[in-house]
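Chain naming here is simple, since letters A, B, ... match the order of the sequence lines and numbering starts at 1 in each. Just so you know, these numbers come straight off a predicted model, no measurement behind them.
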Amino acid sequence: MSIIEIIQNGVIQGIKSLYGADITADQVTMNSTRKEFEGDYTVVAFSFARIARKKPDDIAEELGNYLVREVEQIERFNVIKGFLNLSLSNAFWRSFLMDVFQDEAYGRLPANGKKVMVEFSSPNTNKPLHLGHIRNILLGWSTSRILEAAGYKVVRVQIVNDRGIAICKSMLAWQKYGQGASPESAGEKGDHFVGDYYVLFEKKFQEEYKEWQQRDEARQLFASHSENGQNEEAFFKAFKNNYFNKYSRLGAEAKEMLLQWEGGDEATISLWKQMNSWVYQGFDETYRQLGVEFDKLYFESDTYLLGKDAIQKGLEQGVFYQKEDGSVWIDLTDAGLDHKLVLRSDGTSVYITQDIGTAQKRYQDFGVDKMVYVVADEQNYHFQVLFEILKRLGEPYANGLYHLSYGMVDLPTGKMKSREGTVVDADDLMAEVVAEARANTVERDTISGLSEEEQEAVIRQIALAALKFFIIKVQPRKRMVFDPKESVDLQGQTGPYVQNAYVRVQSVLRKGGEQDLSPAAGYQQLESQEKEMLNMIYGFPGLVQLAAEEYDPSSIANFCYDLAKAYHRFYHDHSILNAQSAEAKAFRLQLSQAVANVLRHGMSLLGIEMPERM
RNA sequence: GGCUCCGUAGCUCAAUUGGAUAGAGCAUCUGACUACGGAUCAGAAGGUUGCAGGUUCGAAUCCUGCCGGAGUCACCA
């Protein structure tokens, strides 16, 4: 039983014995005592005022006396304005520390026998990954790590959007203008190489469009279609898609290519495979740099026809209804949603059809209890609809579906816009933070004793810690502003700050960790800062549980920062190796080790590594 | 326009899910080791938590109404 439960039970029994009332554990509001007061845990007495028909202060006083008398671990209490602050005994903290300080897996919860799938990244194959993907990937990866630590078996997947008109544009541009070039011949990463052809297509298309706008055909269209007062520029901007579909030569060629792809044309398929394989090589490199991997990749080219069977079955069950034109719909108005099309009148799929089929396939493949989709918040409505449909189809995993929705990443200058060239490329960004970390490390000259490779590894660890922490510390739901200048900061509330606390511990342990730590058992007067850290460490497993339940890695990041901060302060205020007694020294070495373990574990849940020196 | 999310210090973010005097970092200013790593620590300054009501012993948090921002409302993905 945790100390929190022990206290809660004590309170329940105390209320019973003092006032003859029965209460439950969730009626006992408890939290860690705030730093400015003495104590470890605080029980709020206000809620008992009605039951006991006494003033909160009096209740707290009586309850405090009861708890000190009846609960072994509680040693003292004080009452301030209806808050009962409880101090645990030094013996309790000492034995807790003794139990955990060598446990590197502390915070890992026992296996719960459940399996969860986490889908993240899910890029298109026509251009390289950017900052938005990075937030997605870091959220997906850290969430999957946290779920693992909370006892789940985790399957990491992505759905690769490898088909459609976009990749055809890249293919067509390469075919027309590429002259047989390859990433090798161009000396370029595969995903960037293919992305360049996508951009080239857009450029050529714009040129074609501009030229067409001067022709009679276009002039007449503008004259007859332009709404009252709409100027030429606005008209042609709005008309772009129409032009692509009905008039453009390049558009027609791209669409023709898509048809050939769908028809299984050999040359087209072979070109498609070639282009995509270049892209995958590029993606793999980016994933490797970020330190993430997947258990299984789903490709849209395999799944885009899935789901039709499910629609048919649902139609028979009456979940869906068919209109006269043959299109199939679902009425979700009683769930506060809308009518939604699930199959076109020509019998072809829409996006959601595919998602239904893919969910079913995944369940067949892995038999998961839960599925988490890491997708930006622009698709909130889509996932509400999808989950409601899967529920009505009676899918066994329907209650375990979760859309891990996250806000878009903005730049200090505003939104990222590909057309304005403000999109922050993932590879460029990583190179930038590494360069910054390298410059800093060289200037500090702290690790020049290490080999070249070791130095480079440490620099990368620092750089990625800065980048990852900067992004993960923000709650997923919130939109965030990404300032590239701040993301390479290595001081303050940053990943390297947390790493530095860990590195300090390692340095101390190298100098004094070999000795016998058993005198720690005789350490009597714990400092408040020591208890503060122990209290935080004590709460770590519960936080892992909570972070898993709420799919919220930011809480782990903030915890790591708070613990590192507490350690930095302690380290400054108190001597460890030159402590006043052998008991204090041993205890502090244990405590340092415990802090380091929790920091390393906590940061590993975010996909952040700890260097031994920095 | 309907629905959803967001609004906290100049800036970037917290706030133990309704608890105590709303906390950190950055930026600004001032300090700290003849000491275990200064990527550190301490201090100053910075707030009507968008606004107005309501519920409550207690509200940044819950309810209502406004204001501002974002997203979405395709036989697109």
Side-chain angles (χ1 to χ4, degrees), chain A residues 29-37 42 44 46-47 49-50 55-56 80-83 85 124 161 164-166 241 300 304 323 325-329 336-338 341-346 348-352 354-355 376-382 384 405 407-408 410 412 415 437 440-441 443-444 446 462 466 470 473-475 477-483 485-487 489-494 496-501 503-512 539 542-543 546 550 554-555 558-559 561-562 565 567-579 585 588 592 613-614:
Chain A
T29 26
M30 257 183 69
N31 22 53
S32 292
T33 302
R34 297 178 62 120
K35 257 190 297 194
E36 58 265 40
F37 304 106
T42 295
V44 183
F46 287 97
S47 39
R50 206 159 289 157
K55 287 188 200 155
I80 298 167
K81 286 170 40 187
F83 293 90
N85 301 320
N124 295 320
N161 299 299
I165 194 71
N241 274 340
E300 205 198 351
Y304 81 111
K323 285 192 180 174
D325 64 3
S327 60
V328 180
W329 297 72
L337 303 167
D338 229 322
L341 176 100
V342 292
L343 211 58
R344 295 194 188 101
S345 50
D346 63 4
T348 56
S349 300
V350 289
Y351 183 47
I352 204 155
Q354 196 185 136
D355 273 358
D377 62 7
E378 60 190 348
Q379 295 199 38
N380 284 353
Y381 184 76
H382 171 76
Q384 274 185 45
S405 167
M408 296 282 181
D410 289 323
K415 286 184 71 162
N440 248 279
T441 304
E443 190 186 337
R444 287 170 208 275
T446 44
I462 295 169
F470 186 78
K473 73 177 181 182
V474 182
Q475 288 169 3
R477 191 176 58 249
K478 297 200 179 179
R479 246 185 131 84
M480 66 173 290
V481 177
F482 184 91
D483 187 338
K485 283 206 298 288
E486 284 180 29
S487 73
D489 273 353
L490 309 174
Q491 294 168 21
Q493 192 180 20
T494 65
Y497 174 95
V498 180
Q499 288 177 320
N500 186 231
V503 165
R504 280 182 144 177
V505 173
Q506 301 317 309
S507 173
V508 169
L509 292 179
R510 277 194 294 273
K511 288 172 179 148
L543 181 69
L546 190 67
E550 303 194 333
S554 74
S555 61
N558 286 306
F559 169 84
Y561 172 73
D562 289 339
K565 185 172 173 60
Y567 189 79
H568 277 308
R569 182 166 39 219
F570 168 72
Y571 182 93
H572 177 269
D573 292 349
H574 301 280
S575 190
I576 298 166
L577 295 176
N578 298 314
K585 180 175 171 182
R588 287 173 186 172
S592 297
R613 301 165 199 264
M614 65 189 286

Practice prompt. Inspect the contact between A/D410 and A/R479 and indicate whether a charged nitrogen and a carboxylate oxygen are less than 4.0 angstrom apart.
Written response: yes
Worksheet item: Start at the 5' end of RNA chain B and walk down; is the nucleotide closest to A/S349 or to A/N558 reached first?
Response: A/N558
Discussion item. For a quick test of reading the model: is some side-chain N or O of A/R510 closer than 4.0 Å to OP1 or OP2 of B/rG37?
Written reply: no
Fill in: Test of ring centre spacing under 6.0 Å for A/F83 and A/F37
no
Worksheet item: Under the rule syn = chi within 90° of 0, otherwise anti, which is B/rU17?
Response: syn
Discussion item. Taking only the P atom of each, what is the distance from B/rC5 to B/rG18 in whole angstrom?
Written reply: 16 Å
Discussion item. Need one value for A/F37: base, sugar-phosphate or nothing, where a base atom within 4.0 Å counts as base even if backbone is also close, heavy atoms only.
Written reply: base
Worksheet item: If we take the P atom in both B/rU48 and B/rA9, what is their distance in whole Å?
Response: 9 Å
Discussion item. Expressed as a whole number of angstroms, how long is the span from A/Q379:CD to B/rC3:P?
Written reply: 22 Å
Worksheet item: With a 4.0 Å cut-off on heavy atoms, is A/T348 in touch with a base, just the backbone sugar-phosphate, or nothing at all?
Response: nothing
Practice prompt. Using a 4.0 Å heavy-atom cut-off across all strands, classify A/N241 as base, sugar-phosphate, or nothing.
Written response: nothing
Discussion item. Using a heavy-atom cut-off of 4.0 Å across all strands, would you classify A/E300 as base, sugar-phosphate, or nothing?
Written reply: sugar-phosphate
Discussion item. Pair A/T42, A/N85 - check side chain to side chain donor-acceptor pair (under 3.5 Å), show working.
Written reply: CA-CA 4 Å; A/T42 295; A/N85 301 320; 2.7 Å; yes
Worksheet, complete the sentence: Taken to the nearest whole Å, CG/A/D346 to C1'/B/rC75 is 8 Å
Worksheet item: Given atom CD of A/Q499 and atom P of B/rG37, what is their separation to the nearest angstrom?
Response: 18 Å
Worksheet item: With rounding to whole Å, what would you report as the distance between B/rG47 and B/rC63 at their P atoms?
Response: 29 Å
Practice prompt. With side chain to side chain donor-acceptor pair (under 3.5 Å) as the test, would you mind laying out the steps for A/S592 and A/Y567 before giving the verdict?
Written response: CA-CA 8 Å; A/S592 297; A/Y567 189 79; 2.8 Å; yes
Discussion item. Once you apply a heavy-atom cut-off of 4.0 Å, does A/V350 come out as touching a base, just sugar-phosphate, or nothing?
Written reply: sugar-phosphate
Worksheet item: Does A/K478 put a side-chain nitrogen or oxygen below 4.0 Å from OP1 or OP2 of B/rU12?
Response: no
Worksheet item: Contact class for A/D377 vs. all strands (heavy atom < 4.0 Å): base, sugar-phosphate, or nothing?
Response: sugar-phosphate
Discussion item. Does A/T42 contact B/rA20 through a side-chain donor or acceptor facing the base, at a distance under 3.5 Å?
Written reply: yes
Discussion item. Checking A/Q384 against A/L337 for the side-chain contact (heavy atoms from CB on, under 4.5 Å) test, could you report, in this order, the C-alpha distance in whole Å, the side-chain angles of both residues, the deciding distance, and whether it holds?
Written reply: CA-CA 8 Å; A/Q384 274 185 45; A/L337 303 167; 3.1 Å; yes
Worksheet item: According to a 3.5 Å limit on both distances, what stems of 3 or more consecutive Watson-Crick or G-U pairs are formed with RNA chain B?
Response: B:1-7 with B:67-73, B:10-13 with B:23-26, B:28-32 with B:40-44, B:50-54 with B:62-66
Fill in: Contact under 4.0 Å: A/K473 side-chain N or O vs B/rC26 OP1/OP2
no
Discussion item. Less than 4.0 angstrom between a side-chain N/O of A/Y497 and OP1 or OP2 of B/rC41, yes or no?
Written reply: yes
Worksheet item: Is A/T446 touching bases, backbone alone, or none of the nucleic acid, heavy atoms closer than 4.0 Å?
Response: base
Response to the item:
Between OH of A/Y381 and P of B/rG71 the distance, given in whole Å, is 18 Å
Worksheet item: Using a cut-off of 4.0 Å on non-hydrogen atoms, how would the nucleic acid contact of A/R444 be classed: base, sugar-phosphate, or nothing?
Response: base
Item to complete: Figure out the CG/C1' separation between A/D325 and B/rC75, and round it to whole Å.
Response: 8 Å
Worksheet item: Which value, in whole Å, describes the distance between the C1' atoms of nucleotides B/rU34 and B/rG38?
Response: 15 Å
Practice prompt. Would you classify A/R569 as touching base, sugar-phosphate or nothing, given that sugar-phosphate means primed atoms plus P, OP1 and OP2, and contacts are heavy atoms under 4.0 Å?
Written response: sugar-phosphate
Discussion item. B/rA15, OP1 or OP2 - any side-chain N/O from A/Q475 closer than 4.0 Å?
Written reply: yes
Fill in: Between B/rG2 (C1') and A/Q384 (CD): distance, integer Å
14 Å
Worksheet item: By centroid distance (under 5.5 Å) and plane angle (under 30°), are A/Y561 and B/rA24 in a stacked arrangement?
Response: no
Fill in: Closest-nucleotide 5' rank along RNA chain B - winner of A/S345 and A/L546
A/L546
Worksheet item: Which part of the nucleic acid, if any, lies within contact of A/M614, taking any heavy atom under 4.0 Å across all strands shown: a base, the sugar-phosphate backbone alone, or nothing?
Response: base
Discussion item. Determine whether A/N380 and A/S405 satisfy the following criterion, side chain to side chain donor-acceptor pair (under 3.5 Å), listing intermediate values before the conclusion.
Written reply: CA-CA 7 Å; A/N380 284 353; A/S405 167; 2.8 Å; yes
Worksheet item: Does a side-chain N or O from A/R477 land closer than 4.0 Å to OP1 or OP2 of B/rC6, or not?
Response: yes
Discussion item. I'd like the C1' distance from B/rU40 over to B/rA77, given in whole Å.
Written reply: 50 Å
Worksheet item: Is a side-chain N or O of A/H574 found less than 3.5 angstrom from the main chain of A/R588, in a donor-acceptor match?
Response: no
Item to complete: For A/R50, answer base if it contacts any base atom (sugar-phosphate contacts may also be present), sugar-phosphate if it contacts only those atoms, and nothing otherwise; contact means non-hydrogen atoms under 4.0 Å.
Response: sugar-phosphate
Discussion item. Base of B/rA20, side chain of A/N85 - is there a donor-acceptor contact under 3.5 Å?
Written reply: yes
Worksheet item: Can you find a side chain N or O atom of A/R344 that sits less than 4.0 Å from OP1 or OP2 on B/rC76?
Response: yes
Worksheet item: Reckon A/I462 touches a base, only the sugar-phosphate, or nothing at all at heavy-atom distances under 4.0 Å?
Response: base
Worksheet item: Checking side-chain contact (heavy atoms from CB on, under 4.5 Å) for the pair A/M408/A/M480: CA distance, chi angles, key distance, verdict?
Response: CA-CA 7 Å; A/M408 296 282 181; A/M480 66 173 290; over 6 Å; no
Worksheet item: Does A/K485 make a side-chain N or O approach to OP1 or OP2 of B/rC26 shorter than 4.0 Å?
Response: no
Discussion item. Please report the distance separating the C1' of B/rG23 from the corresponding atom of B/rA60, rounded so that it comes out in whole Å.
Written reply: 12 Å
Discussion item. Taking only the P atom of each, what is the distance from B/rG1 to B/rG65 in whole angstrom?
Written reply: 15 Å
Discussion item. Rounded to whole Å, how long is the line connecting atom CG of A/L337 with atom C1' of B/rC73?
Written reply: 11 Å
Worksheet item: Just checking A/S405: base, sugar-phosphate only, or nothing, at a heavy-atom cut-off of under 4.0 Å?
Response: nothing
Practice prompt. Using the P atom on both, measure B/rC29 against B/rA15 and round to a whole Å.
Written response: 31 Å
Item to complete: Look at the side chain of A/R344 and the backbone N and O of A/S349, then say whether any donor-acceptor pair between them is shorter than 3.5 Å.
Response: yes
Fill in: Heavy atoms of other groups near A/R613 CZ, more than 12 under 6.0 Å
no
Item to complete: Check whether any side-chain N or O of A/R34 sits under 4.0 Å from OP1 or OP2 of B/rU16, and answer yes or no.
Response: no
Discussion item. Under a 3.5 Å distance rule, please check whether A/N500 uses its side chain to pair with a backbone N or O of A/P496 as donor and acceptor.
Written reply: no
Worksheet item: Nearest-Å distance, CG (A/D338) to P (B/rC75)?
Response: 11 Å
